[in-house]
Amino acid sequence: ATALLEEYGLDLPATRSASSSEEAARYASRIGTPVVMKVDSPDIAHRNEVGAVRVGVDSPAEAQRAYEDIVANVFEHDAEATIEGVLVQEMVDSGVEALVGASQDPNLGPVVTLGSGGTQVEALQDTTHLVAPFGKGDAYGALNRTDIPARFEHEFGPDASLDSLANLVTKVGNLVAKRREVSELDLNPVMVRPDRSVCVDAYLRTD
């Protein structure tokens, strides 16, 4: 997922993959605490549900403990799970949370979903859809069908620009239109600020 998102110019937080608790501590020090840590495993689609995410890890020593806890929780959930590493990631903790997703509809083709994101995404029921590819003007039109502009104005003021999110949504449309093997892409949350929109977490499935 990371390689594909970078190829299409999407903004990602600084991330390293640790294969030991000692390595996790070193990466936390290099990136700068606090950091987020999460398991990198093809067998774990929803990491929060199995205790495989730690937020606000604020020291190398805590990163070492978090690594051990995450690995133990994954194996308790699935003793045969493949763990490719534990991601140590720049913590992007301010901004408006958005959801940007993509899928291949059997009738419409590539479709991008946009809406309010975060842990309450299902409760909010604030989403709209675009058929890809499309331009930035279409992305802005979709944004205006959601609650994101109102939430963004409340957070950053009436003059703050949503251009970074409109650009990101357009890039996701180009990605899913050109890469038809991408059957599902879920970016949630995208942390939206006037200066950047960062894909904090990504789930990718290909056929």
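What's counted below: heavy atoms across the whole structure, side chains too, no hydrogens, waters or symmetry copies. This chain uses plain numbering: 1 for the first residue, then up along the sequence.
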Which heavy atom of A14 sits nearest a heavy atom of I31, and at what distance?
O-CD1, 4.1 Å
Is the backbone of G135 close enough, under 3.5 Å, to the side chain of D138 for a donor and an acceptor to pair up by distance?
yes
Cationic N near anionic O, under 4.0 Å, K178 to E7:
no
Common cluster, L130/Y8, ILVMFWY with side-chain heavy-atom separation under 4.5 Å
yes
Please confirm whether the backbone N or O of G85 pairs with a side-chain atom of Y67, one donor and one acceptor, at under 3.5 Å?
no
Distance in Å, R179 CZ paired with L4 CG, rounded so as to fall on 0.5 Å steps
5.0 Å
Between Y27 and V35, does the side-chain contact (heavy atoms from CB on, under 4.5 Å) criterion hold? Intermediate values first, please.
CA-CA 9 Å; Y27 288 149; V35 294; over 6 Å; no
Would you give the length of the straight line joining atom CZ of R26 to atom CZ of R16, rounded to the nearest 0.5 angstrom?
12.5 Å
Is there a side-chain contact between I44 and V74 in this structure, where contact means two heavy atoms from C-beta onward sitting under 4.5 Å apart?
yes
Side-chain donor/acceptor of D105 to backbone N/O of V111, under 3.5 Å
no
Heavy-atom pair of closest approach, residues R145 and D126
O-OD1, 4.4 Å
Whether T146 side chain and S116 backbone form a donor-acceptor pair below 3.5 Å
no
Please assess D163 against K136 for the test side-chain contact (heavy atoms from CB on, under 4.5 Å), listing each intermediate value before the final yes or no.
CA-CA 9 Å; D163 212 48; K136 191 161 73 171; 3.0 Å; yes
Measure the shortest side-chain to side-chain distance between M91 and V55 over non-hydrogen atoms and say whether it is less than 4.5 angstrom.
yes
Roughly how far apart are S21 OG and I70 CD1, rounded to 0.5 Å?
11.5 Å
Hey, could you give me the CG/CG distance between L114 and L143, rounded to the nearest 0.5 Å?
5.0 Å
Identify the residue among L162, L165, T170 that makes a side-chain contact (heavy atoms from CB on, under 4.5 Å) with Y140.
L162
With a 4.5 Å heavy-atom cut-off, do S164 and D195 have their side chains touching?
no
Any donor and acceptor pair, going by atom type alone, linking the side chain of E90 with main-chain N or O of P13 inside 3.5 Å?
no
Output, in order, the C-alpha distance, side-chain angles, deciding distance and verdict of side-chain contact (heavy atoms from CB on, under 4.5 Å) for V176 and Q104.
CA-CA 8 Å; V176 75; Q104 303 289 343; 3.3 Å; yes
Once you round to the nearest 0.5 Å, how far does CG of D186 lie from OG1 of T113?
9.0 Å
In terms of heavy-atom contacts, I148 and A98 come closest through CD1-CB, 3.9 Å
With the 4.5 Å side-chain cut-off for hydrophobic clustering, are L168 and V200 part of the same group?
no
For residues S17 and L87, determine if any side-chain heavy atom of one lies less than 4.5 Å from a side-chain heavy atom of the other.
yes
Cluster link L10 to V192, ILVMFWY, side chain under 4.5 Å:
yes
Taking all non-hydrogen atoms of both residues, which atom of S29 and which atom of P60 are closest, and how far apart?
CB-CG, 4.1 Å
Whether the side chain of R47 engages the backbone of V39 through a donor-acceptor N/O pair (distance < 3.5 Å, no angle test) should be reported.
yes
For the side chain of E76 and the backbone of V50, is there at least one donor-acceptor N/O pair under 3.5 Å apart?
no
State whether R180 and D207 are salt-bridged, where the test is any N-O pair (Lys NZ or Arg NE/NH1/NH2 against Asp/Glu carboxylate O) under 4.0 Å.
no
Between V100, D201, V172, which is the residue that forms a side-chain contact (heavy atoms from CB on, under 4.5 Å) with V190?
V100
Heavy-atom nearest pair, S94 first then R193, reads OG-NH1, 2.9 Å
With clusters defined by side-chain heavy atoms of hydrophobic residues (ILVMFWY) lying less than 4.5 Å apart, directly or transitively, does V182 cluster with L187?
yes
Cluster check V53, V71: I/L/V/M/F/W/Y, side chain < 4.5 angstrom
no
Less than 4.5 Å apart, any side-chain heavy atom of M191 and any of E97?
yes
Distance, nearest 0.5 Å, that separates CZ of R65 from CZ of R54:
11.0 Å
Side chain proximity check, S161 to F156, heavy atoms < 4.5 angstrom
no
Please find the pair of heavy atoms, one from A177 and one from P110, that lie closest to each other, and give the distance.
CA-CG, 3.9 Å
